[in-house]
Amino acid sequence: MYVDSHVHFWQPLRMDYGWLKPENELLYRDYLPAQLLPELTAFGVKGLIAVQAAVKVEEAEFLLELSQTWPIVFGVSGGIDPFGDHFHEQLASLKNNPRFSGIRLNGDAFSSARSEVERAKLRSALVALMQSGLTLDLLVRPEYLSDTASYLEEL
């Protein structure tokens, strides 16, 4: 069975995507499972993991809603702000859904320029994630590779 482990869905009218601008006509439109299903079927893909396109708990909830309507969405890697005051509550709520598989973080979260308070929040978030048995997906630019690797080795 083929599973695509990294697929993004979005609806610009949700206003979750600060990076998505109307000037980009190719991307500034809905991308939902219905549009992708014919391609997946043609190539024998039986399932996919929906990955956040915005670091908002509402985006994770949106993707989980899609997974209820579209069984091909096997799991969701959502975006939760590890520095936010409600990270632990949001993680606990999302992990109640069996299709929630983990979170995705940007590499700049691990920057050595972060304050001690931020580093403590990140550590607490990662420990909670590990204890929950969920996955951590990383989007790391080259300039953050060293900081990310060093931080994760300390866990």
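In this text the structure is predicted, and so the values were computed from the model without any measurement.
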Hphob cluster co-occupancy, L48 + W10, side-chain heavy atoms under 4.5 angstrom: yes
Donor + acceptor pair across side chains of H88, S124 (<3.5 Å): yes
E58 side, atom CD; R14 side, atom CZ - distance, nearest 0.5 Å: 7.5 Å
Distance (rounded to the nearest 0.5 Å) between S111 OG and D147 CG: 5.5 Å
Sub-4.5 Å side-chain heavy-atom contact between F62 and V57: no
ILVMFWY network linking V7 to W19, side-chain heavy atoms under 4.5 angstrom: yes
4.5 Å side-chain heavy-atom contact, L63 and V73: no
Under 3.5 Å donor-acceptor, N106 side chain and D108 backbone: no
Side chain K21, main chain G18, donor-acceptor under 3.5 Å: yes
Criterion side chain to side chain contact (heavy atoms under 4.5 Å, CB included) on R123 and E118, from CA distance to verdict: CA-CA 9 Å; R123 182 175 194 66; E118 290 173 318; over 6 Å; no
Joint cluster assignment, L105 & L94, ILVMFWY side-chain distance < 4.5 Å: yes
Pair L20-L27, side chain to side chain contact (heavy atoms under 4.5 Å, CB included): steps then yes or no: CA-CA 7 Å; L20 188 55; L27 295 180; 3.6 Å; yes
Pairwise side-chain contact, L152 with L126, heavy-atom cut-off 4.5 Å (strictly under): yes
Shared hydrophobic cluster for V51 and V55 (ILVMFWY, side-chain gaps under 4.5 Å): no
Sidechain-backbone polar pair: R104 side chain, Q52 backbone, donor-acceptor under 3.5 Å: yes
R99 to F74 six-membered ring, cation-pi geometry met (6.0 Å, 45°): no
E143 vs L145, side chain to side chain contact (heavy atoms under 4.5 Å, CB included): CA-CA, chis, key distance, verdict: CA-CA 6 Å; E143 63 266 27; L145 282 173; over 6 Å; no
Between NE2 on residue H8 and OH on residue Y17, distance to nearest 0.5 Å: 11.0 Å
Under 3.5 Å donor-acceptor, Y151 side chain and S112 backbone: no
Contact summary for E59 and F9, nearest pair of heavy atoms: OE2-O, 3.9 Å
E154 side, atom CD; F110 side, atom CZ - distance, nearest 0.5 Å: 11.0 Å
Smallest separation among heavy atoms of I49 and V76, with atom names: CG2-N, 4.4 Å
Test item: T41 side-chain N/O and L37 main-chain N/O as donor-acceptor pair under 3.5 Å: yes
Smallest separation among heavy atoms of L32 and Q35, with atom names: N-OE1, 2.6 Å
ILVMFWY cluster, L64 and I80 together (side-chain gap under 4.5 Å): yes
Least distance between heavy atoms, Y31 atom then L26 atom: OH-O, 2.6 Å
Lys/Arg N to Asp/Glu carboxylate O, K121 vs D85, below 4.0 Å: yes
Between CZ on residue F100 and CG on residue L91, distance to nearest 0.5 Å: 6.0 Å
Atom CD of E25 with >12 non-hydrogen neighbours under 6.0 angstrom: no
For L122 against A109, the heavy-atom pair lying closest together: CD2-O, 3.3 Å
Distance in Å, L139 CG paired with D137 CG, rounded so as to fall on 0.5 Å steps: 10.0 Å
Heavy atoms from other residues, nucleotides or ligands near CE of M130 exceed 12 (cutoff 6.0 Å): yes
Q11 side chain to L13 backbone, donor-acceptor under 3.5 Å: no
Closest contact, heavy atoms only, P12 versus D30: CD-OD1, 3.2 Å
Check: L134 and K95 side chains under 4.5 Å, non-hydrogen atoms: yes
